[in-house]
Amino acid sequence: MNIFEYYLKKINKNILENKDILKLEDFESLNNVNLEIPPQQYNFDLSTNVALVLSKDNKINPMDLGTKIKRLFLKNIDHFEKIEIAGPGFLNIKLSKESMAFLINKILNIKDLYGSKKSNEKYNVEFVSANPTGPMHVGHCRGAVFGDVLSNLLSFNGNKVIKEYYINDYGNQIKNFVESVYLRIREIKYNEKFVLKENLYPGEYIKEIAEKIIKNNKNIKVDNFEDCFQELKELSLARSMELIKEDLKKLGIIHNNFFSESELIKKDLVNKSVKLLQKKNFVKEGILEPPKGEPNKNWKKVKRLIFKSTEFGDDTDRALQKNDGSWTYFANDLAYHSDKIDRKFDKLINILGADHTGYIKRISSAVLALSDRKIKLNCKVCQLVKLYKNGKPFKMSKRAGDFISAQDLLKEVNKDSIRFMMLNRSNDVELDFDFEKVKEKTKENPVYYVQYAYARINSIRRLLKIDPKDKILVNPETFSPNEFEEKIIRKIFEWPKIIESSINKLEPHKIPFYLYELSTLFHSYWSKGNEDNKYRIIENGRIKKVDTLAFINLIAIVIKNGMDILGVSLPEKM
RNA sequence: GCGUUCGUAGCUCAACUGGAUAGAGCGCCUGACUUCGGAUCAGGAGGUUGAGGGUUCAAAUCCUUCCGGGCGCACCA
């Protein structure tokens with residue numbers, strides 16, 4: 001039940017059917033017509049730019065056209081009770097009380113489906129994909145929550161979504177990681193001092209992994225690194241993935257699929273996808289230009305296979321082979337994405353950290369090339385999280401190297417606050433995350449504000465002994481909302497629009513903002529009752545007006561739907 | 001230098017993707033609990049949307065030239 005869609009259809013239909021009366025010929029911009037909520041001071045339910053848009057195409061005065069359309073709508077669309085032309089030619093529309101009641105009852109009937117649309121596409125959302133060389137750090141949390149909520153949002157709309165994690169368990173960093181574990185084991189077993197060399201991992205967690213491995217594998221031999229590498233690699237990777245999964249679980253995130261890079265190598269998928277690209281003529285053999293900017297000592301003049309990504313808008317063509325002829329990370333990732341394409345997803349989405357921005361053109365070019373431009377990889381970037389404690393930049397390095405782990409964060413702040421705060425900002429803006437503020441239980445913390453609104457609603461229900469499952473509808477004949485209720489209805493009507501634009505732009509941050517605004521309307525209505533008896537909801541333990549219960553249920557429905565998407569809990573009491 | 005992204009109230013951010021008088025929170029000032037949960041509410045002050053130019057009925061939003069911050073610029077992963 002999206003009322004904007006519902007009435008926009010009626011509007012378009014009406015215009016087309018009466019084009020002669022309106023003296024219109026050109027409808028090129030008809031799909032630029034929109035229906036929105038007018039600014040508050042106008043006190044109308046809907047607003048459309050139809051006269052503005054069509055007057056331009058047909059070169060007529062928007063006010064004249066507006067007047068004609070107004071007359072037409074009032075005659076033909078019985079839900080429209082009053083129309084006013086405002087500003088340069090907007091039509092502001094007021095719905096009749098009966099039609100409002102009709103719409104509200106529809107919402108009360110569909111409940112937890114309110115706002116969802118019956119889409120049916122298959123999505124792959126890849127997110128987190130943190131290197132399995134240690135536990136997650138705080139920066140990963142933002143992308144993790146973002147990806148999870150985006151997935152929830154897409155499933156809410158009826159899509160099939162696979163949440164995927166790409167495990168980079170191949171290459172030099174893994175070797176360094178395993179060697180670090182190896183040396184720590186020797187440190188424990190043989191009392192050899194761990195000497196930190198370049199590329200080795202210093203973190204405390206390496207010791208913990210070493211201890212765990214010794215504990216579970218009493219007979220493990222660590223005499224020679226080469227000999228025990230394979231076994232140690234498996235054990236170490238298993239342990240660090242376990243740590244990562246634990247952190248994710250604490251954040252409320254469960255992936256459906258873990259895809260391993262080394263499996264990719266094992267199955268020879270890289271050769272296959274490079275061959276595929278060659279067949280499509282997107283690969284050349286040549287010598288790369290030396291990198292611009294700072295001179296790079298690693299650059300060598302070597303003939304190698306190169307992907308012609310500039311054909312897809314990349315700045316430069318990209319190497320598929322290293323100096324020694326082995327595949328680059330990119331070549332592997334290309335094979336991974338080729339596999340995604342083979343798995344027949346309609347849409348591919350990757351959530352990346354800000355430090356990977358430069359990689360986007362390359363990999364999305366690859367997807368276009370591999371899919372004959374049929375599939376577009378959509379990459380969303382999450383900007384950095386800056387940590388603060390009481391307004392001061394917060395650093396902590398006792399656990400590991402110099403990063404703050406997700407565990408450290410989870411120890412201080414609960415999951416609900418983390419999730420809400422991480423989303424309470426557009427993803428392409430840096431996020432200031434203050435440990436202390438996020439723990440505060442005041443208006444300054446929007447999580448509690450929304451939860452509190454819901455708790456108050458439940459307190460009303462308890463008082464009146466009402467089961468939330470009870471079906472309550474409004475009576476179209478007697479329906480007469482007061483000014484607070486009117487504002488609430490308009491906000492409730494907006495919900496499907498929020499979902500729609502969050503999905504179109506892949507911007508879930510709109511949801512927390514919306515929920516906050518909705519909660520404000522409720523708190524405001526509630527408090528008015530303390531000031532003026534007329535607005536009190538309950539009198540002598542009984543509800544004053546049955547319709548009010550409908551409003552309360554509407555708010556509860558939408559808050560619940562929204563918080564479910566965000567993955568934030570809603571206590572009945574606080 | 002190149003790419004990318006951001007620049008909006010003192011601070012942190014929104015703005016339905018081109019719409020009307022640019023909105024919230026914090027902070028500041030003034031008020032509201034004997035009554036449905038004060039983890040709340042009401043009111044006030046606060047703006048040349050970084051700067052200039054362009055596109056049009058309409059620009060914070062699009063184009064362009066500057067200025068300033070972030071991130072990236074290995075054959076690492």
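Chain identifiers are assigned alphabetically (A, B, ...) following the order of the sequence lines, protein sequences preceding nucleic acid strands; residue numbering begins at 1 within each chain. For clarity, every value in this text was computed on a predicted model and none was experimentally measured.
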Closest of G19(B), U5(B), G70(B) to the F90(A) side chain is G19(B)
Rounded P spacing from A14(B) to A77(B) in Å: 35 Å
The nucleotide from C13(B), G3(B), U5(B) with an atom nearest the side chain of R425(A) is C13(B)
What nucleic acid atoms does P88(A) come within less than 4.0 Å of, heavy atoms only: base, sugar-phosphate, or nothing? base
What is the nucleic acid contact for Q173(A), judged by heavy atoms within less than 4.0 Å: base, sugar-phosphate only, or nothing? sugar-phosphate
Integer angstrom distance from the P of A32(B) to that of G50(B): 40 Å
Please tell me if Y452(A) has a side-chain N or O lying less than 4.0 Å from either OP1 or OP2 of A39(B). yes
Pick base, sugar-phosphate or nothing for Q40(A), based on heavy-atom distances below 4.0 Å to the nucleic acid. nothing
If we take the P atom in both G52(B) and U61(B), what is their distance in whole Å? 12 Å
Would you say the side chain of S47(A) and the base of A20(B) hold a donor-acceptor pair, judged only by whether the two atoms sit under 3.5 Å apart? yes
With heavy atoms under 4.0 Å as the rule, sort L463(A) into base, sugar-phosphate or nothing. sugar-phosphate
Counter-base of U49(B), judged by Watson-Crick or G-U geometry with both distances under 3.5 Å: none
Nearest-Å distance once atom C1' is located in both G10(B) and C67(B): 22 Å
Figure out the CD/P separation between E531(A) and C41(B), and round it to whole Å. 13 Å
Which nucleotide sits closest to the side chain of E36(A): G3(B), C16(B), C71(B)? C16(B)
For N445(A) and C13(B), give me the distance from atom CG to atom C1', rounded to whole Å. 15 Å
Looking only at U40(B), U12(B), C36(B), the nucleotide nearest the I538(A) side chain is C36(B)
Donor-acceptor contact below 3.5 Å, side chain R419(A) vs main chain V568(A): no
Parallel, tilted or perpendicular, judged at 30° and 60°: which one describes the rings of Y359(A) and F330(A)? perpendicular
Sugar-phosphate, base or nothing in reach of K505(A), heavy atoms under 4.0 Å: base
Need one value for A354(A): base, sugar-phosphate or nothing, where a base atom within 4.0 Å counts as base even if backbone is also close, heavy atoms only. sugar-phosphate
I'd like to know if N49(A) reaches the base of A58(B) with its side chain such that a donor and an acceptor end up less than 3.5 angstrom apart. no
Mind checking R462(A) for me? I need base, sugar-phosphate or nothing, with any heavy atom below 4.0 Å counting as a touch. base
Can any side-chain N or O of N427(A) pair as donor or acceptor with the backbone N or O of C382(A) at less than 3.5 Å? no
U49(B) to A60(B) separation - P atoms, rounded to the nearest Å: 7 Å
Would you check, one step at a time, whether the test salt bridge (charged side-chain N to carboxylate O under 4.0 Å, His left out) holds for D64(A) with K68(A)? CA-CA 6 Å; D64(A) 291 348; K68(A) 283 186 194 162; over 6 Å; no
Assess whether side chain to side chain donor-acceptor pair (under 3.5 Å) is satisfied between S260(A) and D169(A), documenting all intermediate values. CA-CA 7 Å; S260(A) 143; D169(A) 53 0; 2.8 Å; yes
Output yes when a side-chain donor or acceptor of S180(A) lies under 3.5 Å from a complementary backbone atom of N176(A), and no otherwise. yes
I want to check one thing: is the phosphate of A15(B), taken as OP1 and OP2, less than 4.0 Å away from some side-chain N or O of K510(A)? yes
Under the 3.5 Å rule, do the base of A20(B) and the side chain of Y42(A) count as making a donor-acceptor pair? yes
How far does the P atom of G38(B) sit from the matching atom of C33(B), given to the nearest Å? 12 Å
Only pairs with both distances under 3.5 Å count, Watson-Crick or wobble alike; so what is the partner of G3(B) in this structure? C71(B)
How should the glycosidic conformation of U64(B) be described, syn or anti, under the criterion that syn lies within 90° of 0? anti
Suppose you measure atom P in G43(B) against the same atom in C26(B); what distance do you get, rounded to whole Å? 14 Å
Sugar-phosphate only, base, or nothing, as touched by N92(A) at under 4.0 Å among non-hydrogen atoms: base
Of the options A14(B), U5(B), A20(B), whose atoms approach the side-chain atoms of S426(A) most closely? A14(B)
Would the base of G37(B) count as contacting S459(A) through its side chain, where contact means a donor and an acceptor less than 3.5 Å apart? yes
If you apply the rule side chain to side chain donor-acceptor pair (under 3.5 Å), what do you find for T520(A) with Y449(A), and how did you get there? CA-CA 8 Å; T520(A) 298; Y449(A) 187 78; 3.0 Å; yes
Write down the distance separating the P atoms in U34(B) and G27(B), rounded off to the nearest Å. 24 Å
Decide if the gap between the ring center of Y166(A) and the ring center of Y336(A) is smaller than 6.0 angstrom. yes
Counterpart base for A59(B), defined by Watson-Crick or G-U wobble contacts under 3.5 Å: none
Starting at atom CD of Q41(A), determine the distance to atom C1' of G23(B), rounded to an integer number of angstrom. 11 Å
If you check every side-chain atom of S527(A), which of C76(B), U5(B), C41(B) has the closest atom? C41(B)
Using only side-chain N and O atoms of N131(A), determine if any of them is under 4.0 Å from OP1 or OP2 of A77(B). no
Considering only G19(B), G37(B), C41(B), which nucleotide approaches the side chain of H523(A) most closely? C41(B)
Under 3.5 Å for both donor-acceptor distances, Watson-Crick or wobble: does C28(B) have a partner, and if so which one? G44(B)
Sugar-phosphate only, base, or nothing, as touched by F513(A) at under 4.0 Å among non-hydrogen atoms: sugar-phosphate
Within the 4.0 Å heavy-atom criterion, would you say K528(A) contacts the bases, only the backbone, or no part of the nucleic acid? nothing
Applying a 4.0 Å non-hydrogen cut-off, can you work out what F4(A) is touching in the nucleic acid: base, sugar-phosphate, or nothing? nothing
Among G70(B), C57(B), C71(B), which nucleotide has an atom closest to any side-chain atom of D355(A)? C71(B)
Determine yes or no for a side-chain-to-main-chain donor-acceptor pair under 3.5 angstrom, with S527(A) supplying the side chain and H523(A) the backbone. yes
Consider the side chain of H356(A), meaning its heavy atoms from C-beta on, and name the nucleotide among A77(B), C36(B), U21(B) that approaches it most closely. A77(B)
Go through U35(B), G3(B), G37(B) for me and flag the one nearest to the R536(A) side chain. U35(B)
